[in-house]
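Comments concern the structure below.
Protein chains get the first letters and strands the later ones, always in sequence-line order, with residue 1 at the start of each. This structure is a prediction, so every number in the text was calculated from the model and none was measured.
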There are 2 protein chains.
Amino acid sequence: MTPQRLMIVEAVENSTNHIGADEIYSEVVAKYPNVNVSTVYRTLELLEQLGLVTKTDLGGGRVVYHPVDKGHHHHLVCKECGATIDLDESVLSSLKDSLLRQYQFVADLRHLGIQGVCVNCRQHASQKPAESK
Amino acid sequence: MTPQRLMIVEAVENSTNHIGADEIYSEVVAKYPNVNVSTVYRTLELLEQLGLVTKTDLGGGRVVYHPVDKGHHHHLVCKECGATIDLDESVLSSLKDSLLRQYQFVADLRHLGIQGVCVNCRQHASQKPAESK
DNA sequence: TAAAATTCTGCGAATATTTGCAACAACAAG
DNA sequence: CTTGTTGTTGCAAATATTCGCAGAATTTTA
């Protein structure tokens, strides 16, 4: 356990909710200017393999990390407005069961990002002219 | 509809199953050496928005495209051996329904890549020394 | 403690993908 | 036929992430 690893772990643990690799990097660099981005990525990969943090792709290049010990949950990501809605783990448990029964496949559904369209955007779909695209 | 777009569409349609951006690019360049990668990506993004093709992240940097008119299905991707198991759409329909009922969220579950561990790797987990990592 | 082995890191290069921008083609208006 | 408008492309640069490699740090061994 090296000082840089310690700080990376700290940064992830201290994050209120989710944190991106770039934010972790900035945070660590502030205290220890010599650390390299590679180290951040390597450590995050390590932590993920050890089952300590989850990595979630929220789409649109937004990849965030979350400490496992702070609870599992998922995200509904709206493709229109970009909002993310937290989702309880239970909603996916039946899917996980089905996959296990029907395919003997142990799905890793600990922290998903599911793309779609939220209520708000669906209702305003007709009125709204276009996106900030 | 420009010639380059036409060829990109062709490449996707002609692919037996799935095809990556790099493969599409190579295929198109073979006939029309001037096309640029950007054009490929831009066209694929366009096709995706038009609902003509799906883009699926199989994990590990493998992103593949698939024409919508060739049927919806999903993939179970084994993190150990990298195998992908095709999955019928129906398995996810109940999840989609739940999300719609409970969250009024229209999930885009047309072509997912679900990470996990397949039967094979689960059984051999203890024997297998390590991966090709 | 010194030499050897192992692990981790920083750096720079490679990869995949996206973006800004200026040139270009198609097409409508005059 | 010239001009203007719009949409598409090629190129080069930016971004995010990964990878190889050599040097540092750490541990092991004697």
- Starting from P on C/dT17, measure out to CG on A/Asp57 and report it in whole angstrom. 12 Å
- Message: Of the listed nucleotides (C/dT9, D/dG10, C/dT17), which one gets closest to any side-chain atom of A/Thr2?
- Response: C/dT9
- Task: Could you check B/Val12, B/Ile24, B/Thr2, B/Val28 and say which one makes a side-chain contact (heavy atoms from CB on, under 4.5 Å) with B/Met7?
- Result: B/Val28
- Considering only heavy atoms from C-beta outward, does the side chain of B/Glu10 approach that of B/Glu27 to under 4.5 Å? no
- Distance in angstrom units between B/Arg62 CZ and C/dT17 C1', rounded: 18 Å
- Query: CD of B/Glu23 versus P of C/dA16: gap in Å, rounded?
  - Reply: 11 Å
- For the pair made of CG in B/Leu6 and C1' in D/dT8, what is the distance, rounded to whole Å? 15 Å
- Item | The single option from B/Arg62, B/Glu23, B/His75, B/Lys70 passing side-chain hydrogen bond (donor to acceptor under 3.5 Å, both in side chains) against B/His18 | B/His75
- According to a strict under-4.0 Å criterion, is A/Asn36 in side-chain N/O contact with OP1 or OP2 of C/dC11? yes
- Message: Let's go through A/Leu87 and B/Phe105 carefully: what are the C-alpha distance in whole Å and the side-chain angles of both, what is the deciding distance for side-chain contact (heavy atoms from CB on, under 4.5 Å) to 0.1 Å, and is it a yes or a no?
- Response: CA-CA 11 Å; A/Leu87 189 64; B/Phe105 186 87; over 6 Å; no
- Note on the structure: Of the candidates D/dG10, C/dC8, C/dG10, the side chain of A/Arg5 sits closest to C/dC8
- Rounded to whole angstroms, how far apart are CD on B/Glu45 and P on D/dT9? 13 Å
- Send over the distance from B/Tyr41 OH to C/dT19 P, rounded to a whole Å. 13 Å
- Walk me through it: do A/Arg110 and A/Asp108 pass the test salt bridge (Lys or Arg N to Asp or Glu O under 4.0 Å)? CA-CA 6 Å; A/Arg110 286 183 303 177; A/Asp108 185 2; 3.2 Å; yes
- What is the distance from CG of A/Leu46 to P of D/dC19, rounded to the nearest Å? 14 Å
- Task: Identify whether any heavy atom of B/Val35 sits under 4.0 Å from a base atom; if not, whether one sits that close to sugar-phosphate; answer base, sugar-phosphate or nothing.
- Result: sugar-phosphate
- Measure from CE on B/Met1 to P on D/dT8 and round the result to the nearest Å. 9 Å
- Under 4.0 Å between any heavy atoms, over every strand shown, what does B/Arg42 touch: base, sugar-phosphate, or nothing? Just pick one. base
- Item | Side-chain donor/acceptor of B/Ser38 to base of C/dT19, under 3.5 Å | yes
